[in-house]
Amino acid sequence: MDAQPDPVRVLVFGAALRAGSTNARLASLASNLIAETGAEVDLARMRDFDMPLYDGDVEDSEGLPAGALALCERIKRCDAFVISSPEYNASVPGLLKNAIDWVSRVRPQPFKTKHALLVSSSPSMIGGNRGLWALRVPLEHLGTRVYPDMFSLPRAHEAFTEDGRLAHPRLPRAARRHHLRIHAAGTRRRGIRVPATPLVRVPR
């Protein structure tokens, strides 16, 4: 009998520092949905990866900060990752871009060939989607295979129930469909043959 492959490993983190961030809540929801697929989920917070603003002189004199090395190791261990990112002035939060810049200095560079799903939440009607388009640019430049579809949660301040679920009846199906796809992508990255359609189909 063939040995069963290890579970797909997925890193999930919300790219905001604020304790009450809706992106932290969305990251937690994403981790639960991904765990339902049988994946091994590593849920992290940006506070886990403290690092200064990127400075080439600091890199030359002191090397990479501990927070950047910690994030690098978490990325190396995963098959795919999910970022739940806020939108700051229609773009990427400086905190997240700074983390990407630091981690990209590691050799071999850990973002290359990883699969990624980008999600966002915002009080606005477009749910932070413009920030995700900006976030795709450095990740794809570094070789990350960013999933074409993105999930943005509008009016996020009123989108969650008290137990952390999504309040609108259609949103859980859409969210689950996206997270099933990142599980399938991570599985294929490891060379495991899986049928695509059953993994991504969600009953209506």
Side-chain angles (χ1 to χ4, degrees), residues 5-16 23 26-27 30-31 34 37 39-46 48-49 51-56 58-60 63-88 90-120 128-152 178-194 196 199-200:
D6 292 334
V8 171
R9 296 178 297 272
V10 182
L11 171 65
V12 181
F13 64 95
N23 279 282
L26 186 57
S31 69
I34 294 169
T37 69
E40 180 182 303
V41 179
D42 178 11
L43 179 60
R45 306 171 303 163
M46 284 304 295
D48 298 336
F49 312 116
M51 60 192 86
L53 291 175
Y54 178 75
D55 184 331
V58 171
E59 181 184 4
D60 289 342
L64 273 68
L69 294 173
L71 178 55
C72 177
E73 286 305 310
R74 302 278 276 274
I75 294 171
K76 284 181 178 179
R77 291 202 299 264
C78 75
D79 299 298
F81 60 88
V82 177
I83 301 176
S84 181
S85 176
E87 175 186 295
Y88 291 173
S91 191
V92 185
L95 178 76
L96 177 57
K97 180 58 167 61
N98 184 61
I100 293 171
D101 290 343
W102 269 116
V103 174
S104 72
R105 301 297 295 168
V106 177
R107 294 295 181 270
Q109 193 268 103
F111 292 105
K112 190 174 183 180
T113 75
K114 299 291 184 180
H115 289 265
L117 173 67
L118 305 182
V119 301
S120 64
N129 187 258
R130 293 169 300 185
L132 297 186
W133 283 106
L135 179 55
R136 296 185 72 97
V137 175
L139 291 176
E140 290 179 334
H141 170 74
L142 292 169
T144 304
R145 297 172 181 174
V146 182
Y147 190 73
D149 291 342
M150 301 178 289
F151 178 81
S152 294
H178 282 74
H179 295 103
L180 285 170
R181 285 168 175 163
I182 198 63
H183 176 271
T187 302
R188 290 190 180 87
R189 179 180 181 271
R190 294 167 59 178
I192 304 169
R193 296 180 60 85
V194 293
L199 277 172
V200 301

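From a predicted model like this one, the values you see are computed outputs, not experimental measurements. One-based numbering along the sequence shown. These numbers come from the heavy atoms of this one structure, side chains and all, not from hydrogens, waters or symmetry mates.
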From CG (Leu96) to CG (Asp101), nearest 0.5 Å: 9.5 Å

Any side-chain heavy atom of Ile100 within less than 4.5 Å of one from Leu135? yes

Result for side-chain contact (heavy atoms from CB on, under 4.5 Å) between Ser31 and one of Leu26, Val82, Leu43, Asp42 points to Leu43

For Leu142, does its backbone N or O pair with a side-chain atom of Gln109 as donor and acceptor, under 3.5 Å? yes

Is there a side-chain contact between Ser152 and Leu132, using heavy atoms and a 4.5 Å cut-off? yes

In terms of heavy-atom contacts, Ala27 and Val12 come closest through O-CG1, 3.4 Å

Taking the six-membered ring of Trp133 as reference, does the cationic atom of Arg136 (NZ for Lys, CZ for Arg) lie under 6.0 Å from its centre and within 45° of its axis? yes

Summary of salt bridge (Lys or Arg N to Asp or Glu O under 4.0 Å) pairs that have at least one residue in residues 64-73, sequence neighbours excluded: Glu73-Lys76

Answer whether the closest heavy-atom distance between the side chains of Ile83 and Phe13 falls below 4.5 Å. yes

Could you check if a side-chain atom of Cys78 sits within less than 4.5 angstrom of a side-chain atom of Val10, using non-hydrogen atoms only? no

With rounding to the nearest 0.5 Å, note down the distance linking NE2 in His141 to OG in Ser104. 8.0 Å

Close side-chain approach of Pro52 and Trp102, heavy atoms under 4.5 Å: yes

If the condition is salt bridge (charged side-chain N to carboxylate O under 4.0 Å, His left out), which residues does Arg105 pass it with, not counting sequence neighbours? Glu59

Asp79 (side chain) donor-acceptor with Arg9 (main chain) under 3.5 angstrom: yes

Min side-chain heavy-atom separation His115-Tyr147 under 4.5 Å: no

Could you tell me the separation between the CG atom of Leu11 and the NZ atom of Lys114, rounded to the nearest 0.5 Å? 9.5 Å

Would you say the side chain of Phe81 lies within less than 4.5 Å of the side chain of Thr144, judging by non-hydrogen atoms? yes

Between the CE atom in Met46 and the CG atom in Asn98, the distance rounded to the nearest 0.5 Å is 8.0 Å

Residues forming a salt bridge (charged side-chain N to carboxylate O under 4.0 Å, His left out) with Glu40, sequence neighbours excluded: none

Heavy-atom check, side chain of Leu118 versus side chain of Ser85, under 4.5 Å: no

Met51 CE to Leu95 CG distance, which is reported to the nearest 0.5 Å: 7.5 Å

Which atom of Gly131 lies closest to which atom of Val92, heavy atoms considered: O-CG2, 4.0 Å

Taking Ser84 for its side chain and Gly14 for its backbone only, find out whether a donor-acceptor pair lies under 3.5 Å. no

